[in-house]
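Side chains are part of it too, since the values below use all heavy atoms of this structure and drop only hydrogens, waters and symmetry mates. Residues: numbered from 1 along the sequence shown.
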Amino acid sequence: MPTIATVGAGPGMGLSIAKVFGRHGFQVALIARSKDNLDALVAQLAAEGITAAGFPADVSDLPALTTALAQATDHFGGVDVLEYSPHGGLTMVNPPEVTVDNLQPAIQHLLYGAVTATQAVLPAMLAAGAGTLLYTTGGGAINPYPMLATMNTAQAALRNWVLNLHNTLADQGIHAATVAINLLPSVAAPEGVPHADPDDIAQIYWDLHTRRDRPEHLVTA
């Protein structure tokens, strides 16, 4: 059975993506900080007949992230799809207030974590001549929001790198793509707040994996 590794797994988008792939016959490796939360997600997936296992790691702890993905690979026999969407708090920083110190956490969390996770699974994908690499960003990676200057800078760097991955790996059987979510992934939201059901957004990840026809998808109202 093929395996998807979801880095930054949670009860929202992470669970929805796991369900979409699981219903198509994928095993699911879930990576997040909390073992208790991972156990709860594994139980929910098991109730739907989806094989899953959790591997605790903080994406900002790069050696721990590498170890977790190695454990997932050993457990399931390989990783066919990597999906990277770590959760992080929204830190409000305007562009003139950006410093190396307040930018570093966002770069560590989004870009360095993504690069580390990719390097953990990419060699085997290249050897097999097949694989999918999917990364979640926000709409600010494309059109930045002034109040999210540090996060948007890190997201834009991740987007640029992924587009470069796509350009260099497509002819080697590896499809790399980003999903920029420019609304609230939720079944409900306060009046006037754009939102969409995470289950509907998750279908985009499956389409990117199967159709392999574009390196980027913007989810917007």
Side-chain angles (χ1 to χ4, degrees), residues 1-91 104-125 131-138 151 154-155 158 178-179 181 184-187 197-199 201-202 205-206 209:
M1 293 177 65
T3 299
I4 180 172
T6 299
V7 179
M13 282 304 310
L15 180 59
S16 292
I17 292 168
K19 286 180 178 179
V20 166
F21 279 80
R23 289 164 183 161
H24 285 91
F26 272 71
Q27 303 170 118
V28 181
L30 302 166
I31 297 173
R33 284 174 295 186
S34 168
K35 182 180 183 304
D36 289 343
N37 290 344
L38 288 172
D39 289 344
L41 295 176
V42 169
Q44 291 182 65
L45 292 170
E48 297 200 17
I50 297 170
T51 300
F55 305 90
D58 187 328
V59 298
S60 295
D61 184 342
L62 304 184
L65 178 56
T66 298
T67 296
L69 281 162
Q71 292 171 340
T73 298
D74 290 343
H75 183 85
F76 288 117
V79 172
D80 303 275
V81 177
L82 172 70
E83 187 277 315
Y84 186 85
S85 54
H87 296 276
L90 293 179
T91 301
Q104 175 60 30
I107 294 289
Q108 181 83 14
H109 193 71
L110 291 168
L111 181 61
Y112 293 171
V115 171
T116 298
T118 302
Q119 291 302 326
V121 301
L122 182 56
M125 289 182 178
T132 300
L133 304 167
L134 302 173
Y135 308 83
T136 302
T137 66
M151 176 178 290
Q155 289 174 332
L158 175 58
T178 66
V179 178
I181 302 177
L184 181 65
S186 174
V187 295
D197 190 325
D199 289 347
I201 301 174
Y205 291 77
W206 178 254
H209 167 63

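Distance check, rounded to the nearest 0.5 Å: CD1 of Ile17 to CH2 of Trp206 gives 12.5 Å. For the atom pair CD1 (Ile50) and CG (Leu15), the distance works out to 8.5 Å, reported to the nearest 0.5 Å. Rounded to the nearest 0.5 Å, atoms CZ (Arg33) and CG (Leu38) are 11.0 Å apart.
Across all non-hydrogen atoms, the minimal contact from Val20 to Ala202 is CG2-CB, 3.7 Å. Pro86 approaches Leu110 most closely through the heavy-atom pair CG-CD2, 4.2 Å. Here the closest non-hydrogen pair linking Ala52 and Leu30 is CB-CD1, 4.5 Å. In this structure, Ala64 and Ala57 approach most closely via the heavy-atom pair O-CB, 3.6 Å. Between Met125 and Gly131, the shortest heavy-atom distance links the atoms SD-CA, 3.8 Å. The two residues Asp199 and Ser16 have their closest heavy-atom pair at OD1-OG, 2.7 Å.
Phe21 places a side-chain heavy atom less than 4.5 Å from the side chain of His209. A heavy-atom distance below 4.5 Å is found between the side chains of Tyr135 and Thr118. Within the 4.5 Å cutoff, the side chain of Pro198 has heavy atoms near those of the Val187 side chain. Between Val121 and Leu133, the closest side-chain pair of non-hydrogen atoms falls below 4.5 Å. No side-chain heavy atom of Leu158 sits less than 4.5 Å from a side-chain heavy atom of Thr178. Between Val59 and His109, the closest side-chain pair of non-hydrogen atoms falls below 4.5 Å. Counting heavy atoms from C-beta on, the side chains of Thr66 and Gln119 never come closer than 4.5 Å.
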Name every donor-acceptor pair, under 3.5 Å, that has one atom in a side chain of residues 39-49 and the other anywhere in the protein, sequence neighbours excluded.
residue	atom	partner	partner atom	Å
Asp39	OD2	Lys35	NZ	2.9
Glu48	OE1	Arg23	NE	3.3
Glu48	OE1	Arg23	NH2	2.9
Glu48	OE2	Lys19	NZ	3.4

Under 3.5 Å, side-chain donor or acceptor atoms of residues 69-80 against the rest of the protein: list the pairs with distances, not counting sequence neighbours.
residue	atom	partner	partner atom	Å
Thr73	OG1	Leu69	O	2.9
Asp80	OD2	Thr3	N	2.7

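When atom types are taken as modelled, the side chain of Gln155 and the backbone of Thr137 share no donor-acceptor pair closer than 3.5 angstrom. Of the possible polar contacts, one joining the Ser34 side chain to the Asn37 backbone as a donor-acceptor pair under 3.5 Å is found. A donor-acceptor pair is defined here as one N or O able to donate and one able to accept, closer than 3.5 Å; such a pair exists between the side chain of Gln27 and the backbone of Met1.
Remark: Asp58 pairs with no residue by the side-chain hydrogen bond (donor to acceptor under 3.5 Å, both in side chains) rule, at least two apart or across chains. Ser186 meets the side chain to side chain contact (heavy atoms under 4.5 Å, CB included) test with Leu184; sequence neighbours excluded. Scored by the ring pair (Phe, Tyr, Trp, His ring centres under 6.0 Å) test, Tyr84 finds no partners at all (sequence neighbours excluded). Partners of Tyr205 according to the side-chain hydrogen bond (donor to acceptor under 3.5 Å, both in side chains) rule, which considers only residues two or more places apart in sequence or in another chain, are Thr136.
Under the side-chain contact (heavy atoms from CB on, under 4.5 Å) test applied with Pro63, the options Asp61, Thr67, Leu65 reduce to a single match, Asp61.
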- Task: Take Leu62 and Gln108 through the side-chain contact (heavy atoms from CB on, under 4.5 Å) test and state the conclusion after the steps.
- Result: CA-CA 9 Å; Leu62 304 184; Gln108 181 83 14; 3.7 Å; yes
